Amino acid sequence: MPQITLPDGSQRGYAESVSVLDVARDIGPGLAKATVAGRVNGKLVDACDLITDDAELQIITPKDADGVDIIRHSCAHLLGHAVKQLYPEAQMAIGPVIEDGFYYDIRYDAGFHPEDLERIEQRMLELIDQDYDVVKRITPRYEVLQLFRERGEDYKVQLVEDMPEVEAMALYYHQEYIDMCIGPHVPNTRFLKAVKLTKLAGAYWRGDPNNEMLQRIYGTAFADRKGLKAYLALIEEAQKRDHRRIARNQDLFHLQDEAPGMVFWHPNGWRIYTVLQDYLRGRLEEHGYQEIRTPELVDRSLWERSGHWEKFREDMFTTQSENRDYAVKPMNCPCHVQVYNQGLKSYRDLPIRFSEFGNCHRNEPSGTLHGLMRVRNFVQDDAHIFCSEEALQAEVSDFLDLAFSVYSDFGFDNVAVALSTRPKERVGEDSLWDKAEAALEQALDGKGMEWTVNPGEGAFYGPKIELSMRDCLNRVWQCGTMQVDFSMPGRLGAEYVTETGDRAVPVMLHRAIFGSFERFIGVLTEHYGGNWPVWLAPTQVEVLNITDRQADYAQEIQAKLVAQGLRAQVDLRNEKVGFKIREHTMKRIPYLVVVGDQEREAQTVAVRTRTGEDLGAMSLEKLVDKLKADIALLGRQH
RNA sequence: GCCCAUGUAGCUCAGGGGUAGAGCACUUCCUUGGUAAGGAAGAGGUCCCCGGUUCAAAUCCGGGCAUGGGCUCCA
């Protein structure tokens, strides 16, 4: 005699077991029609699942976030249904829901091509129109195995074999197509009308590059067509913020075939770079860092001692001369230890914080390069802190404060924090890893911030805190990092004299805030969508004359702005003012200053913003004040 | 590195076995115009590179390289 409690607190009693759908029907036919699934005592279940005891029930409809996820998951099965009809020899692997959609990994040796995607989507739409019921059957393990073996679904068989403890599985029948899933799923294909296949990719079976590569089809789905359309429009808007596209428009940098993954900075992009570097130099100085500079080409023997030659060899560019092997530095840490090692250090000298805008090269696999986000030549805002074990906690904590203070100066408020722990390939004793991981955990907890763990993703010499941002298409890029290293100082002979006159090995912290200037500028470009805060804008003001008569006055204004330390350009071209305004507005120059006869007579300037706001005429002094006020805000307003 | 796609003028792109195309940008001239595109003329290409097929290849085929979207790996 189940007593069902609904979210509004109301209760309904039933004489015998009821399904989620029964309860929905009981409440009203509209709700019954919209029922995708249910949440019983906090657990998602199918609409057909029976409730046998007293329970709290929430009816899930397409309006719920869970409802959309269920729709997406069912779309993956629908994709399987269509694929198997069109390509019977295809073998289905896994088809999960992801952020913004779903995918299905499929073994199909002939390979899918863009035309296949269209065919498959077309067939999916036809199947949806049949409004067929999705039927769930709990099936004993041996029957499931037999069924998938008969159907030649080798991957499904493997999946079942990998969960020996499970006695029976839920099978979902899409007519003749059968998929295995924990569920829940929609009860009928009519819920799947707003679906679209989006892209085709390769993906390793079980994510292991030693395994064969499967074909992955990505798609997305929404509660209705309107939601799908809005999503597609959003993606299109996001693509306009792509840093590569903005870079072309604003003439920031370029890449070319002869130097894959290495940036040619143009004057505009380099301006941003140098402003960032000057800013960070100031912040680091405030926090007790000393800037150094170390070689980019170092003999193999140092990399052997640091462990890089063994663990990082594939990623290094190497060269040789006069029978010596060299590597172009992929990291600055071994060189920083060399600077530390010059002269005997006392515990009184610690902590020592060496910073370097270190130019590094890494031979990244060709397929991983991505605009400014993933390059082969980049400059890290690197620093290494040498300290005693006792000081470690405080140093990590101070770093986190500094990093988040820097991020807030750019208006970042959605930095993801993760702790990456010991990888399989590593140097150092496990006891040291225990200590290092614990230190980072404690520092994070001490800040009271939300963080996640990436098991096995640490650097080969130590665990790391990763501070990541998202780009315009929601891809995550690690920028800041804090890594505890108990190994390398010892390997490279770093030590200091303790209070008791003994020798001890310092702990080394590797840390970066931007990560690399390249990636950070890439992320910033997309964060601002090209609307650089005045602080960073390559050109802060463009002075426009209306006719040749004001050319001298325009140049005089520009010269006065430059004399005030502002980045001002003047556009004296023989074009109408509307044309010039359009052009510079599209280049997202923060302020446009128009000078005509009126302004020249009154010794004023007419100011317009890139958002199209007309600020009217004002004195040059007032404009300068305005600009300086904007610059003082840094990037916090955005 | 692996899978799929793409590579044509400075940019965005069309075309496609037999004189290489458009729009914007560029140059020159006319125009001196008050807040998002004034007009005319002109110049501009080894159709990514190397091979092959063919009377003939930018186009078809093979191999490279690069870029884009993913996978794996990383700041």
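Because the structure is predicted, anything quoted here is derived from the model rather than measured.
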Original post:
Can you check whether Y273(A) and F253(A) have ring centres sitting under 6.0 Å from each other?
Top reply: no

**OP:** Give a yes/no answer on whether the side chain of R248(A) brings an N or O atom under 4.0 Å of OP1 or OP2 in G10(B).
**Re:** no

Subject >> Nucleotide G70(B), atom C1' - distance to CG of L473(A) in whole Å >> reply: 13 Å

Original post:
Should Q215(A) be listed as having a side-chain N or O under 4.0 Å from OP1 or OP2 of C3(B)?
Top reply: no

Original post:
Has R608(A) got a side-chain N or O lying under 4.0 Å from the OP1 or OP2 atom of G34(B)?
Top reply: no

**OP:** Could you tell me whether D597(A) contacts a base, only the sugar-phosphate backbone, or nothing, with contacts defined as non-hydrogen atoms closer than 4.0 Å?
**Re:** base

Subject >> Ring centres under 6.0 angstrom apart (F264(A), H254(A)) >> reply: yes

Subject >> Short side-chain N/O contact from K199(A) to OP1 or OP2 of G70(B), under 4.0 Å >> reply: yes

Subject >> Salt bridge R353(A)-E395(A), side-chain N to carboxylate O under 4.0 Å >> reply: yes

Original post:
Looking at R244(A), does any N or O in its side chain come under 4.0 Å of the phosphate oxygens OP1/OP2 on G68(B)?
Top reply: yes

**OP:** Please check the phosphate of A75(B) (OP1 and OP2 only) for any side-chain N or O of K464(A) closer than 4.0 Å.
**Re:** yes

Original post:
A606(A) has a side chain; which of C2(B), A75(B), U35(B) sits nearest to it?
Top reply: U35(B)

**OP:** With the side chain of E364(A) defined as its heavy atoms from C-beta on, choose the nearest nucleotide among C73(B), C71(B), C4(B).
**Re:** C73(B)

**OP:** Name the closest nucleotide to the Y218(A) side chain, picking from C71(B), A5(B), C74(B).
**Re:** C71(B)

**OP:** Classify the side chain of Y204(A) versus the base of G1(B) as yes if they form a donor-acceptor pair under 3.5 Å and no if they do not.
**Re:** yes

Subject >> Proximal nucleotide (of C71(B), C11(B), G33(B)) relative to the T547(A) side chain >> reply: G33(B)

Original post:
Would you say a side-chain N or O of T368(A) is under 4.0 Å from OP1 or OP2 of C73(B)?
Top reply: no

Subject >> H370(A) side chain near C74(B) phosphate (N/O to OP1/OP2, under 4.0 Å) >> reply: no

Subject >> Out of U32(B), G70(B), C71(B), whichever nucleotide has its closest atom nearest the side chain of A203(A) >> reply: C71(B)

Subject >> Working for side-chain hydrogen bond (donor to acceptor under 3.5 Å, both in side chains), residues K587(A) and T539(A) >> reply: CA-CA 10 Å; K587(A) 293 214 182 288; T539(A) 297; over 6 Å; no

**OP:** For A40(B) and A22(B), measure between their P atoms and round to the nearest Å.
**Re:** 16 Å

**OP:** Run the numbers on D208(A) and R206(A) for salt bridge (charged side-chain N to carboxylate O under 4.0 Å, His left out), then give the verdict.
**Re:** CA-CA 5 Å; D208(A) 184 343; R206(A) 296 181 191 279; over 6 Å; no

Original post:
Ignoring hydrogens and angles, are the base of G1(B) and the side chain of E314(A) linked by a donor-acceptor pair under 3.5 Å?
Top reply: no

